[in-house]
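Everything on this sheet refers to the single structure shown next.
Just so we're on the same page: letters track the sequence lines, and every chain starts at 1.
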Protein chains: 2
Amino acid sequence: MSVVKKSAEKVEVGREGILNAAASLFRQHGYGGVSLRAIAQAAGIKAGSIYYHFPSKDAIITEILDAGIVKVHEEARACVEALPAGAPAEAFLRAALRGHLRALLEHGDYTSANVRIFGQVPAAVRDANLSIRRDYEKYLDDLLSNLQADGAIRADVNISRFRLLLIGALNATLEWFDPSRGGVEALADDYADTFLNGILTQTGANK
Amino acid sequence: MSVVKKSAEKVEVGREGILNAAASLFRQHGYGGVSLRAIAQAAGIKAGSIYYHFPSKDAIITEILDAGIVKVHEEARACVEALPAGAPAEAFLRAALRGHLRALLEHGDYTSANVRIFGQVPAAVRDANLSIRRDYEKYLDDLLSNLQADGAIRADVNISRFRLLLIGALNATLEWFDPSRGGVEALADDYADTFLNGILTQTGANK
DNA sequence: TATTTCACCTAACTGGTGTTAGGTAGGTGA
DNA sequence: TCACCTACCTAACACCAGTTAGGTGAAATA
């Protein structure tokens, strides 16, 4: 792609290399814990060179934040759209949930950096990210609202509040998820079961 | 208490004043975003004076982290123990949940600072906080296990995984909760409903 | 009253921060 | 061949970080 071999051992790092290194470091150490010199070293260049590609540190963060949500949004949408025609209503939520978790836990320094650092970033950076974030929230709200309109989700469930609960629970998996102990798919199914049916033994006497 | 009036306008700031100021700032700006000078100014003293009370910045964070969990743990336990004798099984979960949310959203810079900065703090500080954290997790696991043993919670629910889901969802409320739009109690009830019964319209055909 | 203790302040230190100006080796196009 | 562009590097800038040594005035203690 944009990685071009030069003489001997020289390889271009470029925007991509800087972003990848930065996303990985931000994910691990948070916003304040990562310096431009650390990013540069991880990418294999010197700190000053970063300014050839980016006007400021905040510009890097902004780009990582945006890419993170876009990735989650795309993955969730792809999972939903891959559903066979006539899939049961609850399969839609399961699919979106699986996509969200996959993007978060598998493909992801950008997605996980987003979750980790969004709360620590300067207000200006956060604001720049907000519209993309809202797009994804709207996508989920619409999906859930449709399920509710179809009668699959109870009428007394507050959709946008449930969406907040859902995203909160999903994003928190980042703090403890260990791929060596059960895969993402199993986790997604397990979470979906809980959200859909609750945890109570069903006696028919509920509510 | 330990705040003693001195001559004219002088009031002692002390450990407490520093901790309060620090907790509030950490909650707002994250770990890396708060300097000792900022803490000192918020507390009303000079940066160097902090070292009369604390040996390092990390010592302050450690204490805030610990206090935060202790507070949540105590509040949750108090809510559970305030239950009338013979309360229904699900009331236990509802009570713990309400206590957790109350500590988080009402009484709290320490509790909310804990949630916000735990992921960004140096490994050594995090380790120091771990045993207190585990105590609370064990408390919740035991409570949930008892409910499961009594048959209130379905046997196929993985308790510790549900606990992770629960805490994740509860802590995430910090990012969006606005006390002016519905109180903590209503939120707690709403979340409990979702966790207990799920969101699906109950047709009796589940599973 | 003299001495000690307490809770702070001042001023500095080292080292790290984001950022900038100017330089340079290698490839490209005329 | 030669000017130009790209993607970097070097070296420095001003500033801010955590931390420390030594000092100060008021209160507590003797």
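- At dC9(C), one or more side-chain N or O atoms of Ser49(B) fall inside 4.0 Å of OP1 or OP2 (strictly under the cut-off).
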Given the rule in the ring-ring contact (aromatic ring centres under 6.0 Å, His included) test, do His100(B) and Tyr136(B) qualify, once you have shown the distances and angles that lead to the verdict?
CA-CA 11 Å; His100(B) 186 111; Tyr136(B) 180 50; 5.7 Å; yes
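- In this entry the distance linking CG of Leu36(B) with C1' of dT17(C) reads 16 Å, nearest Å.
- Rounded to an integer number of Å, the gap from Ile50(B) CD1 to dT20(D) C1' is 14 Å.
- Taking the side chain of Lys46(A) as heavy atoms from C-beta on, and the options dG18(D), dC9(D), dT19(C), the nearest nucleotide is dC9(D).
- Here the P atom of nucleotide dA7(C) and the CZ atom of Phe54(B) are 12 Å apart, to the nearest Å.
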Given the rule in the side chain to side chain contact (heavy atoms under 4.5 Å, CB included) test, do Asp190(B) and Phe162(A) qualify, once you have shown the distances and angles that lead to the verdict?
CA-CA 9 Å; Asp190(B) 194 61; Phe162(A) 173 71; over 6 Å; no
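- If you take CD1 of Ile18(B) and P of dG18(D), they are 14 Å apart, rounded to a whole angstrom.
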Go through Leu36(B) and Ile60(B) one step at a time and tell me if the side chain to side chain contact (heavy atoms under 4.5 Å, CB included) criterion holds.
CA-CA 10 Å; Leu36(B) 285 180; Ile60(B) 300 178; 4.1 Å; yes
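- Of the listed nucleotides (dA7(C), dA7(D), dT19(C)), dA7(C) has the atom at the smallest distance from the side chain of Glu12(B).
- Residue whose closest nucleotide on DNA chain D sits further toward the 5' end, between His53(A) and Tyr51(B): His53(A).
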All N/O contacts under 3.5 Å from nucleotides 12-16 of chain D to the protein, with atom names and distances to one decimal?
{"residue": "dA12(D)", "atom": "N6", "partner": "Arg37(A)", "partner atom": "NH2", "Å": "3.4"}

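- Under the 6.0 Å distance and 45° angle rule, Arg77(B) counts as a cation-pi partner of Tyr139(B).
- Relative to the ring axis of Tyr51(A), Lys57(A) does not place its NZ or CZ within 45° and under 6.0 Å from the centre.
- The base-pairing partner of dA30(C), taking Watson-Crick or G-U wobble contacts with both distances under 3.5 Å, is dT1(D).
- Listed candidates were dT19(C), dC8(D), dA7(C). Nearest to the side chain of Tyr52(B) is dA7(C).
- Of the candidate nucleotides dC8(C), dT19(D), dC9(D), dC8(C) has the atom lying nearest to any side-chain atom of Ile45(B).
- The distance between atom NZ of Lys57(A) and atom P of dT20(C), rounded to the nearest whole Å, is 15 Å.
- Under the rule for a salt bridge (charged side-chain N to carboxylate O under 4.0 Å, His left out), Arg126(B) has no partner lying at least two apart in sequence or in another chain.
- Note on residues 59-69 of chain A: pairs passing side-chain hydrogen bond (donor to acceptor under 3.5 Å, both in side chains), not counting sequence neighbours, are Arg15(A)-Glu63(A), Asp66(A)-Asn129(A).
- One atom, CD1 of Ile61(A), and another, C1' of dG18(C), lie 11 Å apart when rounded to the nearest Å.
- With distances taken from any side-chain atom of Ala47(A) to the nucleotides dT19(D), dT19(C), dT10(D), the minimum falls on dT19(C).
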